[in-house]
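Both counts, for ligands and for their atoms, begin at 1 and track the order of listing.
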Amino acid sequence: MKQHRPHLLVVFALAIVVLSGLSVGIQNMLTDQRFGWTPRAASGEIVLVAIDPKSIERIGVWPWPRSIHARLIETLEKAGATDIAFDVDFSTPSDPAADAAFAAALQAAGGSVVLPSFRQPIHAGKSGLLHINRPLPEFAAQSWSAVVNVTVEADGRVRRSPFAEIIGGQTLPSMASVLAGASNLSRPPFMIDYGIRAVTVPTVSYADVLDGTPEVLRQLKGKRAVIGGTALELGDRFSVPNGAVIAGPVLQVLAAESIAQQRALTSTSGVVTWSGVALIALLMMLVWRRFPAGPRVALLIALGVAIEAIGYLLQSRWPIVLETALFQTAIVAYLTAIALDEIDVRGLLSSIAEKRFERVTMSLGDGLVCAGPDFAITMWNPGAESIFGYRADEMIGRPFDTLCAHPASDNTFAPFSIRDLPEQSLQAAGGRVVEFEGRRKNGETFAIEACFSGWQGTDGFNYGASLRDISLRKQEAEKIRYLAEHDSLTGLPNRDALQVRLRAAMAEAQCHPHPISLLAISVDNLQQTNVMLGQGFGDLMLRTIGEHLKLELGIGAFVARLTGHEFAVLADHADGEAAMALCRQCRAAFDRPLPVGGRSHKVDVSIGVVMLPDHAASIDEAFGNAHLALVRAKAERNGAVFYEASFRRDMESRLSTEADLVRALADHEFELFYQPQVSLADHRVIGAEALIRWRHPERGLIPPFQFMPIVHTSPISNAVARWVLHTACRQGAAWSGAGHRIRMGVNLSPSQFAEGDLADDVVTALAATGLPAAQLELEVTEDILLDDAARALAMFHRLLDQGVRVVFDDFGTGYASLSYLRKFPLNGLKIDRSFVSELVSSRTDAAIVGSTIDLARQLGLSVVAEGVEDRTTADMLAKLGCAEAQGYFFGKPMPASEFAATFFAVERSDQSQARAVRA
Ligand code: C2E
Ligand code: CA
Ligand code: CA
């Protein structure tokens, strides 16, 4: 249907043109145009004797007496006119004398004068009835009759003239035939050649002829004369082609001239017309599909021009009018068909809507791309250009899949093609959103979010896609995920990431049982490093440690950072032995100092290990138990400790005790007992050591070894220590105030060196209680000094400046006791009970105690022997040169009141008696 459309349109156009009669009008127009292009002159053989305004003015009002016409005939005859033809009505009688004169003139002319007959419609009667006007019989008998009828065509113009007409059964020649001397009268009416210009017809005035003006008469010699009215008032005028109006006689002359000059025109037949149209249609069928619109338009125009040229040539050379109206109609129809094809009316209408649509899409930031049923791109907006880098002219017509990268199977995106989209899903509201990997012009691939829609077009299913570059969004999401899963300082996975890993491993182990090891690794003394070398160095050290761990342990171990100074290592499919190997590897990694920030730094680590699933059922428990093992490793100064069930129990009881201790401090459940220190020379009490007791409401009196280790590592440590110091000082001051100026020994806690300011506390305590500084004796143990020797040393000096005594407790039990004597400015030492108790039985111990006493004497230090339980030992110590002692033999630790009652009361009454009691 579509391919026949232009031809059908032509048939339709031809039918309309023919049926409406438009073809006649077109043909007339074309023929008339050709007249304009081929002007011809009249032959000059026929002269018009015009009844012109001048004649009417001279002769009088029309109609004239026929005697005047009689005179004219005579004059014309005399002038030598060969033929005389009247285009004047002689059908009605007038003045009989004049009529008779006219008849006589006709007769005198030898019967050669031509008079007109014509049909006239009877206006009053029924249409179609015609009255035939003939010359009066008396005239007709003496003349030739000729018809002067002309047919006025539909457009009001006169074009044709007959050769002859049958009137009343008699064939009468037309005046033109008569004037031109035509022989064959049976021909159909002919077309007057209006190329013959009316102005070239020789014309003389009737009045001039009648006057016998010789000049005028000369013009008539040997010519044919046509007499007729040209004056306007006579009304005998006709419209002819090319807008002219001419008088009836002129028309008769032109018709006669047409015959005489062989210019009586006839039209080509319908056969020619329709064969021509068929040829044009055939030609068009041949070229329609083969050539684009331009050449076809050129061909049609050339054809039209050529046809008209041929028509012009034919008409100018031969009396043939080539009917080209339908040819031109067909050509114009074909041109219209091409125009319709090209312009596409519907397209025109929708182009306005499209303009608006385009405005919007062109300003969109998103890429907007349309594709036709063949998946070739049909629309490309600037948004798409900025995303992909292609210009519209590069992309229109190219397959949509040019925009899709075809990612490898390990990519996050599956391969995508527009061809895979089911049409139905695209027609639903909202279209279909797809994420896929796109490719830019420069080859770069990136994430796209596309919303596809589709619609049924005239040419098939069309696709529309709004495309958005989401690579930034993806990168951001990736970054956020990285930050959420990694430690910002070391770049190692963080605790959350480790948990995810551990959860996955544990879940897997539930299906396929296998051991998992989790190591918690703590960097010792990080706080100290931060204080000494700065936070920046500490950070750098942690980063280096992280890298080092990863490097040393290899890919089998998942290294993460837990908190400030703690790392963790997760090893899947690692049993106890493998875990042990890992621990060794970890410790070996830090055997040598690490290069940190341009210096070598020795790092010590402690490791707590849990084995899963044996040591824990949940992730929290796994982390908790690893930590318990780590705490134990730190406390025991033992590099790596594997978790044991007892750790948790200990920790739990420890935690409950800790809570109990806090309450105990608040409820004043702590008490100080005092143990006497005596002079071995006379067993006189010279001092007391304050020893803490916990009077528990349910458990009774609890000795310090059961709770002091917990206090030392708990937050209340310093508070308890301060309480001891103050209470002991107050007691010492009270006794001193009562006249018993004995020494007060106070045991120091590690926390008093680690945190707080011991020297300050001592000043405060002395000031608050009024105990003379010289009476206060602070007992320090090796583990206290071990923690932070530098700080301890500084503190010692300040304490000594106060006038307070400092003695070294439990001398001989530590492994560096002697070196401390050298390092610290001490006032004295207390020989540990373990040496004293075996003094009598063990020669070795005796030797040690003896040399210690000697050493102290030489160093100028005081000596107290602890744990003296019997007289033999006391005596032996005295013999060895020991001046002072402490022990059950002299008195157990006891409440202050008991101490005072026992020793001060006795002292007052009878010292020797008291000694006797004890002995
Ligand atoms: P220490 O400082 O060596 O105290 C001496 C310990 O030896 C005391 O035990 C005392 O009762 C015991 N003792 C004295 N003479 C004898 C004897 O002849 N035979 C035997 N078997 N033992 C004797 P206590 O009171 O149980 O204190 C134990 C440890 O607790 C103290 O050892 C000390 O290290 C710590 N301690 C006690 N009170 C305090 C305190 O107030 N502060 C601090 N920081 N530690 C304290
Ligand atoms: Ca002590
Ligand atoms: Ca001691």
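- Put simply, atom 30 (O) of ligand 1 has protein non-hydrogen atoms near it, under 4.0 Å away.
- Arg632 has a carboxylate O that lies under 4.0 Å from a charged side-chain N of Asp650, or vice versa, which qualifies the two as a salt bridge.
- The presence of a protein heavy atom under 4.0 Å from atom 34 (O) of ligand 1 is ruled out.
- Side-chain atoms of Glu566 do not come within 3.5 Å of backbone N or O of Thr563 as any donor-acceptor pair.
- Within the set Lys830, Arg693, Arg833, His712, the minimum heavy-atom distance to atom 22 (N) of ligand 1 is found for Arg833.
- Here the protein heavy atom with the shortest distance to atom 38 (N) of ligand 1 is Ile692 N, 2.9 Å.
- Proximity to Glu866 (heavy-atom distance under 4.0 Å) selects the following atoms of ligand 1: 3 (O).
- Around NZ of Lys879, the count of heavy atoms belonging to other residues, nucleotides or ligands within 6.0 Å does not exceed 12.
- Pairs of residues two or more places apart, or lying in two chains, that qualify as side chain to side chain donor-acceptor pair (under 3.5 Å) and include a residue from residues 696-708 are Asp660-His696.
- Per-atom contact check: atom 9 (O) of ligand 1 does not touch the protein, criterion being a heavy-atom distance below 4.0 Å.
- Ligand 1 places these atoms under 4.0 Å from at least one heavy atom of Val724: 41 (O).
- Side-chain contact between Gln675 and Met894 is absent, with no heavy-atom pair separated by less than 4.5 Å.
- Residues Phe903 and Trp735 place their aromatic rings such that the two centres sit no closer than 6.0 Å.
- Closest to atom 37 (C) of ligand 1 among all protein heavy atoms lies Leu691 CD2, 3.5 Å.
- Here the protein heavy atom with the shortest distance to atom 15 (N) of ligand 1 is Gln675 NE2, 2.9 Å.
- Taking 4.0 Å as the cut-off, Lys892 does not count as a neighbour of ligand 1 on heavy-atom distance.
- Checked by atom type, the side-chain pair Arg561/Asn494 shows no donor-acceptor distance below 3.5 Å.
- For the Ca ion (ligand 2), the nearby protein N/O/S atoms, meaning those under 3.0 Å, are Glu689 OE2, Asn747 OD1, Glu779 OE1, Asp809 OD2.
- In terms of protein heavy atoms, atom 23 (C) of ligand 1 is closest to Tyr888 CE2, 3.3 Å.
- With respect to Lys602 and Asp604, a salt bridge is recorded, a charged nitrogen being found less than 4.0 Å from a carboxylate O.
- Against a heavy-atom cut-off of under 4.0 Å, Gly887 is close to the following atoms of ligand 1: 15 (N), 18 (O).
- Contact atoms of ligand 1 toward Pro893: 11 (O) (distance under 4.0 Å to a heavy atom of the residue).
- Of all atoms in ligand 1, listed by their number and element, those nearer than 4.0 Å to a heavy atom of Ser749 are 44 (N).
- A side-chain donor from one of Gln677 and Arg743 sits under 3.5 Å from a side-chain acceptor of the other.
- There is no side-chain donor-acceptor pair under 3.5 Å between Glu782 and Thr813.
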Q) Going through the checks in order, is the salt bridge (Lys or Arg N to Asp or Glu O under 4.0 Å) test met by Glu669 and Arg663? A) CA-CA 9 Å; Glu669 285 175 16; Arg663 187 194 50 74; 2.6 Å; yes
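- When side chains are defined from C-beta on, His683 counts as touching Phe890, because their heavy atoms get closer than 4.5 Å.
- If you number the atoms of ligand 1 from 1 as listed, the ones under 4.0 Å from a heavy atom of Asp809 come out as 2 (O).
- A salt bridge links Glu689 to Lys830: at least one charged side-chain nitrogen sits closer than 4.0 Å to a carboxylate oxygen.
- There is a protein heavy atom less than 4.0 angstrom from atom 43 (C) of ligand 1.
- For Glu869, the closest heavy-atom approach to ligand 1 falls below 4.0 Å.
- Distances below 4.0 Å separate heavy atoms of Leu748 from the following atoms of ligand 1: 44 (N).
- Looking at Arg495 and Asp487, no side-chain N of the basic residue comes within less than 4.0 Å of a carboxylate O on the acidic one, giving no salt bridge.
- Other residues, nucleotides and ligands contribute at most 12 non-hydrogen atoms within 6.0 Å of the CD atom of Glu577.
- The atoms of ligand 1 that sit less than 4.0 Å from any heavy atom of Asp810 are 3 (O).
- Glu644 and His615 form no side-chain donor-acceptor contact under 3.5 Å, judged by distance and modelled atom types alone.
- Looking at Ala885, Pro709, Pro704 and measuring to atom 27 (O) of ligand 1, the nearest heavy atom belongs to Pro704.
- For Asn747, heavy-atom contacts with ligand 1 shorter than 4.0 Å involve the backbone as well as the side chain.
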